Each structure stands twice: as C-alpha cells, then as structure tokens.
Amino acid sequence: LGGSIARKRKHSRIVHHAVVSPRQNSDLDRIAWLQCPPCGQDLARQLAARFFKKIKPGDTVFLYGEMGVGKTTFIRYLINKFQKESKLEITEVTSPTFNLLNEYKINDIKINHYDLFRLKSIEEIKNLDLFENNSKVITLIEWPEIIEKRPDNLIELIFKYEENHQKRSLQIKGINL
C-alpha cells in the first residue's frame with residue numbers, strides 16, 4: 001500500500017486513484033480510496049492483509065463510521081485472511097446487527113465481531129462481556145460510541161465518506177501499518 005495506486009478501466013478514460021499520504025505521526029496513518037467496486041474492495045483487502053500481520057489476541061478494535069462506509073467489508077477481509085492463512089474454509093462474514101455478536105474460531109484464536117448499532121444505553125452492553133478474559137480473543141466492535149471505558153490494547157479505525165460520498169478515508173490510531 002505504499003505510495004499511490006492508480007487503476008484504469010479498459011476502454012475508458014476514467015482513472016481511479018487511491019492515495020496513501022505520508023505518516024502524520026507514529027500512531028496515526030491516513031489512507032484514502034475512491035468509492036468504486038474494483039479499487040475500493042482491492043484496497044480494503046490489502047489493508048486487511050497488512051492489519052492481519054499486526055493485530056494479536058488481546059487487541060480490541062473500534063470501528064467508527066457511517067452505515068455503508070466499509071466497516072464490515074474490512075472485517076470480512078480481515079477474518080477471511082486469518083482463515084486463509086490457517087488453511088481453513090473461507091466463511092461468509094456478515095454484520096451481527098441483529099444478534100449483536102458473531103464469533104469465529106481460528107485455531108487458538110477467537111475473534112468476536114460485535115455490532116452495537118441497535119443498543120441505546122450503556123446498561124445494554126454490560127451483559128455482553130466485551131472485554132472479559134480477552135487474552136486469546138481479538139475483539140472487533142462496530143458502532144462503539146456507546147462504550148465509555150476504553151480497553152487496553154485499543155486500536156481505532158475511523159472510516160469517513162468524503163467529497164459527496166465519492167471517496168472514503170480511514171484514520172488508524174493505536175497501530176502502525
């Protein structure tokens with residue numbers, strides 16, 4: 001993902017750019033890509049592959065952003081990368097909007113994927129045990145705004161639409177890629 005990436009559509013003059021700007025500081029990178037199925041998906045997959053190399057059990061990832069901005073897509077690529085590297089069957093990864101939690105067991109690692117979109121109060125999350133005994137768990141949480149206490153080993157991904165929903169950007173805090 002270093003530098004700039006450009007893709008051209010065949011028989012077209014349209015060029016889609018994805019720009020990775022220089023590091024702003026040691027724990028914050030800014031990555032932007034255009035909203036188009038081939039380049040947005042490819043870059044999300046590449047970013048998940050790099051993230052896979054850095055994330056470890058005990059880490060908690062908060063994923064912020066509007067609906068449809070790419071949080072679940074990123075999680076799908078990340079979980080599928082864990083499965084592929086472990087030579088496991090690639091499974092469908094969906095957002096746990098209605099059941100709140102999807103669990104994935106990958107060898108000795110458990111990945112908990114939460115979606116807190118429907119929760120309205122801090123009381124509702126108390127029974128979820130979000131951060132209990134997580135030394136062998138990677139915890140991914142979409143819509144974490146309701147959580148008051150920040151866990152140790154927190155990584156934050158802030159997905160944003162830009163330029164009239166034509167581009168997306170991602171800020172990464174807590175990990176260097």
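Numbers here are sequence positions counted from 1. All heavy atoms count here, side chains included; hydrogens, waters and symmetry mates do not. Here the structure is a predicted model, which means the values were calculated and not measured.
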Y77 and A48 have their tightest heavy-atom pair at CB-CB, 3.6 Å
Does the side chain of E142 pick up a donor-acceptor pair with the side chain of H113 at under 3.5 Å?
yes
Minimum-distance pair of heavy atoms, taken over all atoms of K120 and I146
C-CD1, 3.6 Å
Kindly give the heavy-atom pair with the smallest separation between I75 and V93, and that separation in Å.
CG2-CG1, 4.2 Å
Answer yes or no: is there a donor N or O on one side and an acceptor on the other, between the side chain of R118 and the main chain of D115, under 3.5 Å?
no
Rounding to 0.5 Å, atoms CG (L119) and NZ (K126) come to a distance of 13.5 Å
Which heavy atom of P144 sits nearest a heavy atom of L63, and at what distance?
CD-O, 3.3 Å
Checking F51 now: which residues fulfil ring-ring contact (aromatic ring centres under 6.0 Å, His included) with it, not counting sequence neighbours?
F74
When you look at NZ of K105, are more than 12 heavy atoms from neighbouring residues, nucleotides or ligands closer to it than 6.0 Å?
yes
Shortest non-hydrogen pair, I111 vs L140, comes out as CG2-CD1, 3.7 Å
ILVMFWY cluster, L154 and V137 together (side-chain gap under 4.5 Å):
no
Spell out, as yes or no, whether a donor-acceptor pair under 3.5 Å connects the side chain of N99 to the backbone of L101.
yes
Given side chains that start at C-beta, do those of I147 and I125 come closer than 4.5 Å, heavy atoms only?
yes
Going by salt bridge (charged side-chain N to carboxylate O under 4.0 Å, His left out), name the pairs with one or both residues in residues 62-82, residues two or more places apart or in two chains.
K81-E85
Nearest heavy-atom approach of Y161 to M67 is OH-O, 3.6 Å
Flag, side chain of N102 to backbone of Y114, donor-acceptor distance under 3.5 Å
no
In chain order, what residues pass the ring-ring contact (aromatic ring centres under 6.0 Å, His included) check against F82, with sequence neighbours excluded?
F52
Checking K110 side chain against N112 main chain: does a donor-acceptor pair fall under 3.5 Å?
no
